[in-house]
Asker: 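This is the structure I want to talk about, given as structure tokens.
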Amino acid sequence: VRMCASMLVTVVLARLLGPEPFGLVAIAWIVIGIGNLFADLGMSSALVQRSSISDVDVRAAFTCQVAFGATLSVILILLAPFIGDFFKEPKVVRVVHALAPLFVLQAFGAIAASLLKRALKFKRIQLAQVTSYLIGFVCIGIPLAAVGFAVWSLIIAQLSQTALFSLFCYTQIPHPAKPLVAFPDRKFFDFGVKVLISNLINWTLTNLPSIVIGRVFDVFALGLYNRAYMLITTPMQSLVASGQAVTFSGYSRRQDDLPTIRTAYLAGVGFMTLAMLPAYGSIALVPESVVQAVFGADWHDLIPLIVPLALAMPFHALMALGGPMLWSQDRVESETRGQILTLAAFAAILVWTVMISVTAIAWGIFAMSVLRFFFVTSASLAILDVSWREFLQSIKGGLIVLMITGPIVLICDQLASSWHIGVAFRVALDLLTGMAAFLLTVHAVCRQILSTEMYWLWGRINHHLSGLIGNWLR
């Protein structure tokens, strides 16, 4: 639901506002993103990873996050003029000032969200996410954009959504909030610092293109890139974020049972490939239709960015499966080493591509995603004693389905275009055709595309499904 709502909001707001407001907010989010990492200090992940926690741990983590959040809000307000100067965009100063309270608003709900994850109460988290997002962006953001609030519609929507999410999480699992400025267990803090370092590198890899585009090009180009990136990454991030939350909690609870973690990891790889490859491979084959249907003809400059970003997503999704496993084993440094190697290579790639175009930077992101996938996945396979041959065996199902659904979607799109069918109906036809091809292929050759590990995982969740979908899948 959150993914569908996010996609719908992206389309509506893009048509109402145009690229510039998104570029201004994207600049602010570059700074806010790194600030969030310092405000959290990895404590949220530490609360989930530890085999046992006390009220003292919760109080200390909460105190730390709120204090850092308040401090970072003040620092961001003071730095706003320098941020505007760096990006050569004076309008961003007021945007940064307005979004500065996000640090505090997020801090009040971060610990509660971690405790919900630790208790495996993911439905409550999803309900809080969906409800706060719908109120913030659908009920507040879109109406404000429609009446001319421009970039302020995005700011007010974001502040509302964040405040509501924190409130909803805390009401679901109230925790001790009495201030405590000490960590009784150094291991708790050490793990958090390792997570912080890893997250900082991840943040840099994700946001470096936005920094470069905003600095070298202009806010309009950054707005275009931001909308292309959000359009392509939103479905993947929704699936990956949910999967990471579940697997990190599950792996942490069974951190001494490596055989089970190994089986679950390979099963996750298989299902993630089955979901990602056909979907994003098909998008990469029909980028013009996707952009025109979603944003309209005025956004034609997005089309060259879609292909490399879409091709990068399956690699990113598969890479992301390794993080929760490594963290649950307290091997965060293994992921960090792979990220550092990727960052070094990506910096060199950006130096070259920034002299060409934003499209070239997008292809650099694809190259970075492949390298990142290789380094982090290699570390994950080494911990689990899994060979690359076994890994490739797990992803063959997604490759088979892609080779069938991709050409079908492309042919369908070209035929619909030659018959002068409207772009919205053309994409709807592409989607329906692709889904039909996907389902028929999976149904016809399921024994060839599902690995032993995938059958094992399916057996674990089989009893939760009912009705026509459950019967068809069985």
Side-chain angles (χ1 to χ4, degrees), residues 10 14 18-20 22-27 29-30 33 86-89 92 201-237 276-277 279-292 294-320 338-376 406 410:
T10 294
E20 182 176 327
F22 293 102
L24 293 172
V25 172
I27 290 174
W29 266 108
I30 291 172
F86 178 82
F87 287 100
K88 304 174 185 177
E89 181 52 69
V92 81
I201 299 172
N202 283 328
W203 176 91
T204 304
L205 287 168
T206 301
N207 290 277
L208 196 55
S210 294
I211 296 172
V212 171
I213 293 170
R215 172 67 177 173
V216 176
F217 297 91
D218 54 35
V219 70
F220 185 87
L222 179 57
L224 286 173
Y225 167 77
N226 178 262
R227 287 303 88 191
Y229 186 82
M230 293 301 296
L231 173 66
I232 293 301
T233 60
T234 294
M236 183 275 297
Q237 291 287 13
M276 292 288 109
L277 275 182
Y280 281 106
S282 297
I283 291 173
L285 290 171
V286 292
E288 183 175 355
S289 297
V290 171
V291 170
Q292 290 182 358
V294 174
F295 293 117
D298 293 339
W299 290 73
H300 62 275
D301 290 338
L302 281 186
I303 296 173
L305 304 178
I306 296 298
V307 176
L309 293 177
L311 293 176
M313 290 306 102
F315 290 99
H316 183 91
L318 290 175
M319 176 278 302
Q339 305 283 21
I340 290 173
L341 291 172
T342 304
L343 180 58
F346 188 39
I349 292 172
L350 277 179
V351 169
W352 174 55
T353 56
V354 73
M355 296 185 292
I356 304 174
S357 65
V358 176
T359 301
I361 292 175
W363 280 106
I365 293 171
F366 167 72
M368 177 271 290
S369 299
V370 175
L371 289 173
R372 196 179 186 186
F373 156 77
F374 175 76
F375 289 133
V376 176
L410 179 59

Asker: For Leu311 and Ala284, work out which heavy atoms get closest and say how close.
Answerer: CD2-CB, 3.9 Å
Asker: Sequence neighbours left out, what passes salt bridge (Lys or Arg N to Asp or Glu O under 4.0 Å) with Glu20? Give chain and number order.
Answerer: Lys91
Asker: Can you see which heavy atom on Pro304 is nearest to which on Pro308, and at what distance?
Answerer: O-CD, 3.3 Å
Asker: Indicate yes or no: at least one non-hydrogen side-chain atom of Met276 is less than 4.5 angstrom from one of His316.
Answerer: no
Asker: For the residue pair Val291 and His300, establish whether any side-chain heavy-atom pair is separated by less than 4.5 Å.
Answerer: no
Asker: Which value, rounded to the nearest 0.5 Å, describes the distance between Phe22 atom CZ and Arg227 atom CZ?
Answerer: 4.5 Å
Asker: When you compare the side chain of Trp29 with that of Asn226, does any pair of heavy atoms fall below 4.5 Å?
Answerer: no
Asker: Between atom OG of Ser369 and atom CG of Leu309, what is the distance when rounded to the nearest 0.5 Å?
Answerer: 8.5 Å
Asker: With Ile340, which residues qualify under side chain to side chain contact (heavy atoms under 4.5 Å, CB included), at least two apart?
Answerer: Ile201, Thr336
Asker: Would you compute the distance between atom OG1 of Thr342 and atom CZ of Phe374 and round it to the nearest 0.5 angstrom?
Answerer: 10.0 Å
Asker: Taking the side chain as every heavy atom from C-beta outward, state whether Leu231 and Ile306 have any pair of such atoms under 4.5 Å apart.
Answerer: yes
Asker: For Ser210 versus Phe87, what's the shortest heavy-atom pair and its separation?
Answerer: O-CE2, 4.5 Å
Asker: Of all the heavy-atom pairs spanning Leu222 and Gly214, show the shortest one and how long it is.
Answerer: CD2-CA, 4.1 Å
Asker: Apply side chain to side chain contact (heavy atoms under 4.5 Å, CB included) to the pair Ile361 and Phe217, showing each step before the final yes or no.
Answerer: CA-CA 12 Å; Ile361 292 175; Phe217 297 91; 4.0 Å; yes
Asker: Please test Tyr225 against Ile365 for side chain to side chain contact (heavy atoms under 4.5 Å, CB included), starting from the C-alpha separation and ending with a verdict.
Answerer: CA-CA 12 Å; Tyr225 167 77; Ile365 293 171; 3.2 Å; yes
Asker: Got a sec, which residues hit ring pair (Phe, Tyr, Trp, His ring centres under 6.0 Å) with Phe86, two or more places apart in sequence or on another chain?
Answerer: none
Asker: At their closest point, which heavy atom of Phe373 faces which heavy atom of Met319, and how far apart are they?
Answerer: CA-CB, 3.7 Å
Asker: Does some side-chain heavy atom of Leu205 sit less than 4.5 Å from a side-chain heavy atom of Phe346?
Answerer: yes
Asker: Do Leu371 and Phe366 make a side-chain contact, defined as non-hydrogen atoms from C-beta onward lying under 4.5 Å apart?
Answerer: no
Asker: Give me the atom names and distance for the closest heavy-atom approach of Leu24 to Val92.
Answerer: O-CG2, 3.6 Å
Asker: Heavy-atom distance under 4.5 Å between the side chains of Arg372 and Asn202, does that happen here?
Answerer: yes
